Amino acid sequence: MATMTTPLQTFLSWAQENGVMSNIKVQKIPDKGWGFVSKGQAARDNSIVAYIPFHLLLNTTKVGKYAKEKAPKLEETFQALLKNGVSLTERIVLICFLLYERFGRSACGEEPSFWKPYVDILPHTLHTPLFYDNTLRACLDGTSLKSAVDAKSNKLRREYNTLRPYFNQWSAQPSTTDNNVNDGHDIITFDHFIWGDGVFWSRVLSFGSRIASDSNLVGIDPDDYHLVPFLDFANHSLRPYARWELTNEGVELILTKSDSPEPILPDTEICISYGDKPNSELLFIHGFTLNDNPWSAISFPVPFYENDEFEEEKFIFMQYHGIKPLVSLTRKKGGAELTHESTRAMWISVLKKEDGLKFTNVTNESNESNESNNESQPVNLMIGDKIIRTLDELDNAINEPPLSQEIERRVINSILENVEHLLSHLKQTNEQVLKMMESGKNLRELEYIKIYREDEYKFLEYAVDDFTRKRESLMPDEYIME
């Protein structure tokens, strides 16, 4: 009797036949799924333990070429989307490919793609909050992640509703309606779509910054986002043994050099770092949290003043200049700090008419002078008689005393008010949620949520203490306007 080949065996054979070289094993890791482990004793000496050639990678360029040459239904989808003004971002292209290969191709009666062995070993079930049932999602009540999950779900629903009619053309049978074929059933469901989005964000690597900073990298596809078969078995660790590097030939997994003489022992997991990610981000994108994670962060919508007469204009100005209407706080050695983009967002949110703030409609301005009025900019922000056309000009205007001290005071007060509110809300829900978690099944998702809730609670307490100190330190400042 012939031995059945597993999807993993098929994938590893495909990878080896197509140029992947490795000196590590792939095996199941408790509570993690697949991962890398060392075959034998190894020194941490910058040695290469895996290599993935470029032709195996998935990106927009390769998907576009594949669709044109071998997947006519997928190419029809891309062309129809472009014709109807739907933006074909790298993310949308890769999600469409994943969905087409896993669900749509067979409905069209087309042959599998070159990457079928890779798509077959992708997890069919994800454990991120978007896939939680109502009970698990209720365990996020009171956290900043709850609103982020709800907003993401709504965004994906809107995207799916736009793409659904195009997905339903993936059939060998003629379409009977604009929205449904296949006996009235969707070929791609909403759950399928959020699966594709989840696979994309949890596995994609961004090459853009590395290509831009290394002049030796030439002849590489210009895309930013890439799915890298084999490398994406690597799990995350705060103390990784390895890192990935980009070369002109492909992607290498390298054992990071260490001053320690201790070698890596056989059957040790070889992890990489996904970056300095707080538990909120790890849970949101990857579905896990870490007990000893030193990175903490929290985000909330920009808190405009109640009855702010300029709120709409402020939002338009921020949108035009690429400032997200989101405030992000991170834990640093010196305290809880705003990101630079969040600092600008807060400046704009607390500016008032008494600061000389006003907005003018660009299209209504006089063209008496030929100064660089950009007609695509909907509004101009003015402080006094100065038009703020760039973010650098905003920085300069805000940092001039006495306005700088007053804006700083307002920002601190606003942040403090909001983190106190978030802490209070988390406290109110903690008891109820903890009881719910204790009475529930012993799921690892519940343990991850518990770690995240405790981490956010501690960080909010830290942020309240830190911004209280900052407020007190400003009280005697002679520049502050009453």
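Small disclaimer: the values here were computed from a predicted structure and weren't measured.
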Taking [X] for the side chain and [Y] for the main chain, is one N or O donor matched with an acceptor at less than 3.5 Å?
X	Y	answer
Ser473	Lys470	yes
Tyr452	Leu145	yes
Asn293	Trp295	yes
Asn396	Asp392	yes
Ser342	Ser328	yes
His226	Leu57	no
Arg331	Ala336	no
Ser38	Thr268	yes
Glu420	Val464	no

With the side chain counted from C-beta on, respond yes when [X] and [Y] share a heavy-atom pair under 4.5 Å apart, and no when they do not.
X	Y	answer
Ser299	Val327	no
Lys427	Tyr457	yes
Val37	Ile29	yes
Arg344	His321	no
Asn380	Phe359	no

Would you verify whether the NZ or CZ of [X] falls within 45 degrees of the ring axis of [Y] while also being under 6.0 Å from that six-membered ring's centre?
X	Y	answer
Lys352	Tyr305	yes
Arg91	Tyr225	no
Arg44	Tyr241	no

Quick one: are the ring centres of [X] and [Y] less than 6.0 Å apart?
X	Y	answer
Tyr66	Phe97	yes
Phe36	Phe230	yes
Phe200	Trp195	no

Roughly how far apart are Tyr118 OH and Leu56 CG, rounded to 0.5 Å? 10.5 Å
Parallel, tilted or perpendicular: ring planes of His286 versus Tyr274, cut at 30 and 60 degrees: tilted
If the plane angle is over 60° it's perpendicular, under 30° parallel, otherwise tilted; pick one for Phe193 and Tyr160. tilted
Taking Arg453 as the fixed residue, which of Thr429, Asn279, Thr143, Thr289 is the one that meets the side-chain hydrogen bond (donor to acceptor under 3.5 Å, both in side chains) rule? Thr429
Shortest non-hydrogen contact between His192 and Leu99, atoms and distance: O-CD2, 3.2 Å
Is there a ring-ring contact (aromatic ring centres under 6.0 Å, His included) between Phe315 and Phe304? Walk through the geometry before answering. CA-CA 10 Å; Phe315 185 81; Phe304 294 107; 7.2 Å; no
